[in-house]
Amino acid sequence: MADLSFYVSPLSEEIREEGRAQGRAEGILIVLRARGLDVAHTTREKVTACRDPELLRQWLGRSARVAIAEAIFSEQPLGRYVARRSPMQ
């Protein structure tokens, strides 16, 4: 029988968590670019370097609503940084 202990080890969980963080970071950048927002090199670096899953979730949610990419990092309510929809005709 194969030794599967690696798959339940702390190291394997750390590797999985790192993969999840990379996936969330990629998701944030994809959303920002898909919305046509410019993503500065410093913003891209900050997003891809982050390993805090909760912070990445917050940034991902904000990436769908901000008017400028850098606003995902703001601690303030989104207010003036939210993209406004034009009224339907």
Side-chain angles (χ1 to χ4, degrees):
M1 181 173 236
D3 178 13
L4 302 177
S5 61
F6 171 77
Y7 296 100
V8 293
S9 72
L11 177 59
S12 68
E13 183 54 34
E14 185 179 325
I15 292 168
R16 281 192 292 275
E17 206 42 57
E18 186 175 317
R20 288 183 200 111
Q22 287 174 346
R24 286 186 188 107
E26 287 176 23
I28 292 166
L29 298 174
I30 288 169
V31 169
L32 292 171
R33 283 191 299 256
R35 295 187 55 233
L37 300 178
D38 290 327
V39 180
H41 180 71
T42 54
T43 299
R44 187 177 306 106
E45 282 185 340
K46 186 171 181 175
V47 169
T48 57
C50 182
R51 293 293 175 248
D52 180 338
E54 185 55 37
L55 187 54
L56 287 165
R57 278 188 207 99
Q58 290 175 15
W59 291 350
L60 181 58
R62 287 172 169 260
S63 70
R65 302 185 317 258
V66 295
I68 58 171
E70 292 73 21
I72 66 170
F73 306 127
S74 176
E75 296 291 325
Q76 303 299 322
L78 291 176
R80 68 180 199 190
Y81 296 112
V82 175
R84 306 281 183 219
R85 293 181 186 237
S86 55
M88 300 284 271
Q89 296 169 359

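Keep in mind that what you see is a predicted model, and the values were worked out from it rather than measured. Numbering of residues begins at 1 and proceeds along the displayed sequence.
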[X] to [Y] - nearest heavy-atom pair and separation:
| X | Y | answer |
| --- | --- | --- |
| W59 | K46 | CZ3-O, 4.0 Å |
| R35 | S63 | NH1-O, 2.9 Å |
| A40 | E70 | CB-OE2, 3.6 Å |

Measuring only between side-chain heavy atoms, which start at C-beta, is C50 closer than 4.5 Å to R24? no
Compare all side-chain heavy atoms of R20 with those of L56 and state whether any distance is below 4.5 angstrom. no
Considering only residues two or more places apart or on different chains, which pairs with a residue in residues 47-61 satisfy salt bridge (Lys or Arg N to Asp or Glu O under 4.0 Å)? E54-R57
So how far is it from T43 OG1 to D38 CG, rounded to the nearest 0.5 Å? 10.0 Å
Go through the steps for V66 and L32 under the test side chain to side chain contact (heavy atoms under 4.5 Å, CB included), then give the verdict. CA-CA 9 Å; V66 295; L32 292 171; 4.1 Å; yes
I'd like to check the side chain to side chain contact (heavy atoms under 4.5 Å, CB included) partners of L29; sequence neighbours left out, ordered by chain and number. R33, V39, R44, V47, T48
